[in-house]
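Report on one structure; see the data block that follows.
Chain letters run A, B, ... following the sequence lines, proteins first and then strands; every chain starts at 1. As a basis for the values below, the full set of heavy atoms in this structure was taken, side chains included, without hydrogen atoms, waters or symmetry mates.
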There are 2 protein chains.
Amino acid sequence: ISLRSLGVEQHCRCIQTESKPIGRHIEKVELILPTSHCEETEIIATLKKTGEEVCLNPEAPWVKKVINKIMSNRRR
Amino acid sequence: ISLRSLGVEQHCRCIQTESKPIGRHIEKVELILPTSHCEETEIIATLKKTGEEVCLNPEAPWVKKVINKIMSNRRR
């Protein structure tokens, strides 16, 4: 059993981040806080349809807007 | 192979949400947008140390603050 198979990440997961505003294609967003293994906040979006995982830049204004929009959604 | 094993959730994942402000124990947060299978925005936090998954209420002020804090973290 590897640490990785237990879900323990030992390094940063993001090498590069998506620059295009792909907010409308996002199904799920993971916000990962800094740890001893990765000192940056990482944001990983999962896309609708393809399920592709894409890293987003936490400092990009469009990314902040996407998160704010998700958080302001009301129950229907 | 079940749909679930492929990571396809067919219903809401959260039954109840955490009421206590546990922001400092959070390692990772998943924001899951509404789909045809679950019409609510779901927030699932993974806790440090235990790795326990806890559902959070997207409308709770302390939850919004936790998300805002994560988003405003600067690189070190």
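Rounding to the nearest 0.5 angstrom, the gap separating the CD atom in B:E30 from the OG1 atom in A:T46 is 8.0 Å. Once rounded to the nearest 0.5 Å, the distance linking CG of A:L33 with CZ of B:R24 reads 13.5 Å. Atoms CD and CD1, from A:E42 and B:I70 in turn, are 13.0 Å apart once rounded to the nearest 0.5 Å. If you take CD1 on B:I43 and CE on A:M71, they are separated by 3.5 Å, rounding to the nearest 0.5 Å.
Heavy-atom contacts from other residues, nucleotides or ligands closer than 6.0 Å to NZ of B:K69 number 12 or fewer. Atom NZ of A:K65 sits in a sparse spot, with 12 or fewer heavy atoms from other residues, nucleotides or ligands closer than 6.0 Å.
In the hydrophobic clustering, B:I44 connects to B:I32, either directly or through intervening members, whenever side-chain heavy atoms lie under 4.5 Å apart.
Among B:I26, B:I67, B:L31, B:N68, the residue making the largest number of heavy-atom pairs under 4.5 Å with chain A is B:L31.
Scored by the salt bridge (charged side-chain N to carboxylate O under 4.0 Å, His left out) test, B:E53 finds B:R13 as partners (sequence neighbours excluded).
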